[in-house]
Protein chains: 2
Amino acid sequence: MPTEVRPASPDQARLLRELLDAGLLISSGVPGVYGHGEAFERVREGLDELLSREARERGAIKLRFPPVLPRHQLESTGYLGNFPHLAGSIFSFEGTEAQAAEQAERAASHEDWSEFQSQTEVTLMPAACYPVYPAIAARGRLAPGGVFVDAGGSWVFRHEPSLDPARRQIFHQHELVRIGEPAAVLEWRAEWAQRGLELLRSFGLDAHLDTANDPFFGRRGRMLAANQRAADLKLELLVPIAGPEPTACASFNHHLEHFGQTFGIELADGTTAHTACLGFGHERIVLALLRTHGLDPEAWPAALRSRLWDRLA
Amino acid sequence: MPTEVRPASPDQARLLRELLDAGLLISSGVPGVYGHGEAFERVREGLDELLSREARERGAIKLRFPPVLPRHQLESTGYLGNFPHLAGSIFSFEGTEAQAAEQAERAASHEDWSEFQSQTEVTLMPAACYPVYPAIAARGRLAPGGVFVDAGGSWVFRHEPSLDPARRQIFHQHELVRIGEPAAVLEWRAEWAQRGLELLRSFGLDAHLDTANDPFFGRRGRMLAANQRAADLKLELLVPIAGPEPTACASFNHHLEHFGQTFGIELADGTTAHTACLGFGHERIVLALLRTHGLDPEAWPAALRSRLWDRLA
């Protein structure tokens, strides 16, 4: 049974139509998968640069990762237990010439060719911070104070087809990751929660910070979500875009020892590092800007344009 | 039977080790899947900007697409007939809570969980020009002279695990696409073949242009390859990186009416448009630069640094 496509509210449907009509987004025919027109992408790139500059000025090192993750790594993190409904795995063909011909024939008539596909060693990237942990673990023990990584605006995949333009199957998540001593990590998260809030407000967005939980799967998931809220492990920056509720445009996860333990990240004294991450959703922030200041960035307030638009001029 | 990992030549193995040791690339544990260290990514971004500027100055409009393609579209192009061994399809979970628990348990012990995955409506992007054709077709008939699109440095996937650092499973392909009258498209390809050659030579690379063919699958593929060569439909810009043969760092495909017909792209007079595309392999060009000028971009010739490195200064 194929996953149901979530419907859009009238307001969300109107926004999507406006974005497509203005050429800001390009329909692919699949809900939640869009191309970007020139203006949309220019604002997104401006945002990407601004976030990376903010991080660099505060000591972040920059690493970049592709939109696929080793399957073995996904298996090690417990992601499939928590979010089986969101994960995407990658399959490919390993058969004979006769099977290739049969597969091509079925595909050409849009019939089922899945039986010819077998699972590969990679999956789609579920969250842009995932490849950071083993990369840092491989460097050996951390220096005192730990490390701050800018993993940039990476493509991540979530299998949740929706007609809400703010809910994509594939989008840019700009991940900042802090790995270090427990107190340093907590302090970093508090500092960046405030900085993120001020940043979105400085764009003229009506942002507020709130406690949140991840969309864990099933009955067991409801308990995990309640625990996550009770322990204050997830914060979100919410901004009205379209629809009845404001939309999470950034989220902060505190993982305690989870990733430090999974990947063996050691502090200077040999104990396990704590980690936290901050993910800005590029496309959601661009949507919030377009909804707040209008669909034509040329007509945005000059101060905002100079930060997110005028780089190419 | 899982796809065999192609071995590396001694020279390729040495280069890969040097790149990893210098932190230019980051191992993921899967052959052909790497993260980028700060210096590698800075050069790659410099190249991305330079190519987009070259295209913009010659009238290209900029569109950007995610690393996934609607499955229906892949099926329509004949890709699975020509390159079944390279395509990646995306699967996900659509089962019950009990199945999710069983899947998670198997995954946690790195056992096979593929039976719980079913094919989705999307695949990985096989070539960065693919989403351009339906996007342009949707605009209606072309204006006289056609259109020139810069689809940017997009992630594309090819399932060909290899220990040669120049052969990736996932990499940035910077696609420039020309859609228009047959003569205009041919002229554009000739002009850009020359421009691409001069560009790589201006980076100090020992580039040359040659006729080539795609890696078509199987026995039928050998005939397709011969036909493609005979009709002069594919050109490549070759540069020595590592190993016995020079590596294709850019390729030019002339598709004649193929994509115009498949997606119904009409010229101003209602006839079918011709198309051609030019793909620069970002990572291969960066590797060629590192091999030619040394692994430390700070020590590169000043003129080259100012074009690809000094933007952040």
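Below, chain A is the first sequence line, B the second, and so on; all start at residue 1.
Contact annotation: the side chain of B:Trp113 approaches that of A:Gln119 to within less than 4.5 Å [non-hydrogen atoms, C-beta and beyond]. Within the 4.5 Å cutoff, the side chain of B:Phe157 has no heavy atoms near those of the A:Pro67 side chain.
With a threshold of 4.5 angstrom between heavy atoms, A:Tyr34 approaches chain B through N, CA, C or O but not through any side-chain atom. Looking at B:Ile26, only its side chain comes within 4.5 Å of chain A, counting heavy atoms on both sides. Proximity to chain B is absent for every atom of A:Pro134, based on heavy atoms less than 4.5 angstrom apart. Proximity to chain B (any heavy atom under 4.5 Å) is shown, for A:Glu121, by both the backbone and the side chain. In this structure, chain B has a heavy atom under 4.5 Å from the side chain of A:Ile170, while its backbone stays farther away. Looking at B:Glu41, the atoms closer than 4.5 Å to chain A (heavy atoms on both sides) all sit in the side chain, from C-beta outward. Contacts of B:Leu63 with chain A are made by both backbone and side-chain atoms, with heavy-atom separations under 4.5 Å. Only the side chain of A:Phe217 comes within contact range of chain B, judged by heavy atoms closer than 4.5 Å. Heavy atoms closer than 4.5 Å to chain B are found in the side chain of A:His159, but not in its backbone. Using a 4.5 Å cut-off between heavy atoms, B:Asp112 touches chain A through its side chain atoms alone. Interface residue A:Pro70: backbone and side-chain heavy atoms are both found under 4.5 Å from chain B.
For the atom pair CZ (B:Phe40) and NZ (A:Lys62), the distance works out to 13.0 Å, reported to the nearest 0.5 Å. Once rounded to the nearest 0.5 Å, the distance linking CD of B:Glu38 with CZ of A:Arg56 reads 8.0 Å.
Atom CD of B:Glu105 has 12 or fewer neighbouring heavy atoms from other residues, nucleotides or ligands inside a 6.0 Å radius.
Looking only at heavy-atom pairs under 4.5 Å with chain A, the residue among B:Val33, B:Leu124, B:Thr120, B:Ile90 that has the most is B:Ile90. Between chain A and the residues B:Ala100, B:Pro84, B:Gly29, the largest count of heavy-atom pairs under 4.5 Å involves B:Pro84. Contact count against chain A (heavy-atom pairs under 4.5 Å) is highest for B:His110 among B:His110, B:Arg106, B:His36, B:Arg139. Note: B:Trp155 leads B:Trp155, B:Tyr79, B:Phe171 in heavy-atom pairs under 4.5 Å with chain A. Between chain A and the options B:Ala135, B:Ala104, B:Ala107, heavy-atom pairs under 4.5 Å are most frequent for B:Ala107. Interface check for chain A: of the options B:Gly81, B:Gly35, B:Ser89, the most heavy-atom pairs under 4.5 Å are formed by B:Ser89.
The residues A:Arg219 and B:Glu97 are annotated as salt-bridged, a charged nitrogen and a carboxylate oxygen being separated by less than 4.0 angstrom.
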Self-check item: Stepwise side chain to side chain contact (heavy atoms under 4.5 Å, CB included) test for A:Arg44 and B:Arg64
Solution: CA-CA 11 Å; A:Arg44 192 198 67 76; B:Arg64 287 293 182 275; over 6 Å; no
Quiz item: Step by step, would you call A:Phe65 with B:Ser28 a side chain to side chain contact (heavy atoms under 4.5 Å, CB included)?
Solution: CA-CA 9 Å; A:Phe65 298 94; B:Ser28 76; over 6 Å; no
